[in-house]
Amino acid sequence: MFVRVDFNVPLADGGVADDTRIRAALPTIRYLLEHGAAIALCSHLGRPKGPDPKLNLKPVAKRLGEILGRDVRLLRDSVGPEVREAVAQLRRGDVVLLENVRFHPEEEKNDPAFAKELASGYDLYVNDAFGAAHRAHASTEGVAKILPAYAGLLLEKELLALGGLVSAPERPFLAIIGGAKVSTKIDVLRALITRVDALAIGGGMANTFLLATGHKIGRSLAEPDRAREARAILDDAKTQGKRVLLPLDVLCAPSVDEAGAPAATVMGIDDVSDDLAIVDIGPRTIERYADEIRRAKTIFWNGPVGVFEIPAFATGTKRVAELLAASNATTVVGGGESVQALEELGLAEKMTHVSTGGGASLELIEGKTLPGVAAIPDRTEVHVA
């Protein structure tokens, strides 16, 4: 059985730095093994330009083996005679990990011949890689058109949780959207405005909205060429009677790094001087967000509301995480740094759902068709031969 997983995890010091995505795939892996399947796990890691020793899956195989309590053999490739021979020798309950599928450029090109080679020797295909489901690649779409294809338990869980935000959220529905750039989330902001009751905007992208509303933002990260689109979103929200929460006050620093932390100070949004940069939301803004969070019945959070990688500038993001953890609302979180904040604070288990897919979750909420999902005829079952 060919099982596409998303083990695109961060590495550090020769090991896996965060095994969240590996653990997220465990229910499907264990289910298949317990029901006697022989499985070959397929994943990508990073964006290699051909074979790259720094992006091989050896650390992933080691960590997966530690979690499963068994050796997980890493094959030297994802295709080829050696792989076919190894797969042919698998017995029920066996599991191997194929080498980084993106070592082959044909993967991202969704090359039909490569997809056929990937599928060779397997009788079923299971896609449990929600984080890659928005990519029409050979291992996410191509193989699904060759073998009988099914959704894994994680993919099903993601579709149910995120699909619920789109189809029938309990109201009031609040979305908190952060991150660096408006340009990467324009479409999801447009889609959310039609669905939410309130939209809170933070992070670097809030600076573009502040610019669009006539505020000075000093040396802050912003996209002036997107100010018109930001203004249009605000106008659409007003027309539809939706609340948009922009920062009332902000934390400013002379530089967006550790060196600027000691001189950071809270300012009103009308007081940001030309020599300062906005690095986080301020206490009044946090309280405003808190009021909306306490009122909401459904909350979607994607992206930090400050420069989260600098501890001194992470207060707003951490406070949002804490408020969601204390909320009685349905809480769905997606996006690497949002999830990172939850993990660091030990709050991930207090969320209703923590998505493993940043780009995939946003595209699903935008209403886009995910190629890796559309290619699966039966999206809600895992079958074992």
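What's counted below: heavy atoms across the whole structure, side chains too, no hydrogens, waters or symmetry copies. Numbering starts at 1 and runs along the sequence shown.
- Using a 4.5 Å cut-off on side-chain heavy atoms (C-beta onward), Leu189 and Met205 make contact.
- Minimum interatomic distance between Thr356 and Asp6 (heavy atoms only, all atoms of both residues): O-OD2, 4.2 Å.
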Q | Candidate pair Val244 and Ile193, rule side chain to side chain contact (heavy atoms under 4.5 Å, CB included), full reasoning | A | CA-CA 9 Å; Val244 177; Ile193 282 296; 4.1 Å; yes
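- Under the 3.5 Å distance criterion, the side-chain polar atoms of Asp249 are matched with a main-chain donor or acceptor of Thr285.
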Q: Could you check Glu158 against Leu364 for side chain to side chain contact (heavy atoms under 4.5 Å, CB included), going step by step and ending with a plain yes or no?
A: CA-CA 10 Å; Glu158 294 273 15; Leu364 187 62; over 6 Å; no
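- There is no path of hydrophobic side-chain contacts, each under 4.5 Å, that joins Ile286 to Val272.
- Residues Leu210 and Ile278 form a side-chain contact, since some pair of their non-hydrogen atoms from C-beta on lies under 4.5 Å apart.
- Counting only heavy atoms from C-beta outward, the side chains of Arg319 and Ile281 never approach each other to under 4.5 Å.
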Q: Could you give me the CA-CA distance, side-chain angles and deciding distance for Phe103 and Val79, then say whether side chain to side chain contact (heavy atoms under 4.5 Å, CB included) is met?
A: CA-CA 11 Å; Phe103 283 175; Val79 294; over 6 Å; no
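- The backbone N or O of Ala113 lies less than 3.5 Å from no partner atom in the side chain of Glu106, so there is not a single donor-acceptor pair.
- Residues Ser255 and Ala259 approach most closely at OG-C, 3.9 Å, considering heavy atoms.
- Side-chain heavy atoms closer than 4.5 Å link hydrophobic residues (I, L, V, M, F, W, Y) into clusters, and following such links, even through other members, never connects Leu324 to Phe173.
- Looking at Arg195, its side chain does come within 3.5 Å of a backbone N or O of Ile365 through a donor-acceptor pair.
- Residues Leu33 and Ile39 are in side-chain contact: their nearest non-hydrogen atoms beyond the backbone lie under 4.5 Å apart.
- Of the possible polar contacts, one joining the Asn100 side chain to the Leu55 backbone as a donor-acceptor pair under 3.5 Å is found.
- Looking at Leu45 and Arg102, their side chains never come closer than 4.5 Å, going by heavy atoms from C-beta outward.
- Note on Leu192 and Leu234: same hydrophobic cluster, where clusters join Ile, Leu, Val, Met, Phe, Trp and Tyr whose side-chain heavy atoms are under 4.5 Å apart, directly or indirectly.
- Glu82 places no side-chain N or O within donor-acceptor distance of the main-chain N or O of Arg76, the cut-off being under 3.5 Å.
- Without hydrogens or angle criteria, Lys62 side chain to Gly15 main chain gives no donor-acceptor distance under 3.5 Å.
- A salt bridge links Asp187 with Arg190: the distance from a Lys NZ or Arg NE/NH1/NH2 to an Asp or Glu carboxylate oxygen falls below 4.0 Å.
- Looking at heavy atoms from C-beta onward, Ser78 lies in side-chain contact with Phe114 at the 4.5 angstrom threshold.
- Within the 4.5 Å cutoff, side-chain heavy atoms of Ile176 are placed close to those of Ile299.
- No donor-acceptor pair under 3.5 Å is formed between the side chain of Lys54 and the backbone N or O of Pro48.
- Between Phe2 and Tyr122, the ring planes lie perpendicular to each other; the angle is over 60°, past the 30° to 60° tilted range.
- No side-chain heavy atom of Leu41 sits less than 4.5 Å from a side-chain heavy atom of Leu98.
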Q. What's the verdict on side chain to side chain contact (heavy atoms under 4.5 Å, CB included) for His134 and Lys368, showing C-alpha distance, side-chain angles and the deciding distance?
A. CA-CA 9 Å; His134 60 314; Lys368 292 183 178 179; over 6 Å; no
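- The pair Asp291-Arg288 does not meet the salt-bridge criterion, since no charged nitrogen lies less than 4.0 angstrom from a carboxylate oxygen.
- Shortest non-hydrogen contact noted between Tyr31 and Leu153 is CB-CD1, 4.2 Å.
- Heavy-atom minimum distance, Ala222 versus Ile217: CB-CD1, 3.4 Å.
- Remark: side-chain polar atoms of Thr140 are paired, donor with acceptor, to backbone N or O of Arg135 under 3.5 angstrom.
- Both Ile201 and Val332 are members of a single hydrophobic cluster when ILVMFWY side chains are connected at heavy-atom separations under 4.5 Å.
- In plain terms, the two heavy atoms of Phe313 and Ala264 that are nearest each other are CE2-CB, 4.1 Å.
- Under 4.0 Å is where a charged nitrogen must lie from a carboxylate oxygen, and between Glu287 and Arg284 no such pair does.
- The backbone N or O of Ser139 sits less than 3.5 Å from a side-chain atom of Tyr125, completing a donor-acceptor pair.
- With respect to the salt-bridge test (charged N to carboxylate O, under 4.0 angstrom), the residues Glu322 and Lys318 do not qualify.
- Judged by distance alone, with hydrogens and angles left aside, the side-chain atoms of Asp235 form no donor-acceptor pair with the main-chain N or O of Lys238 at under 3.5 Å.
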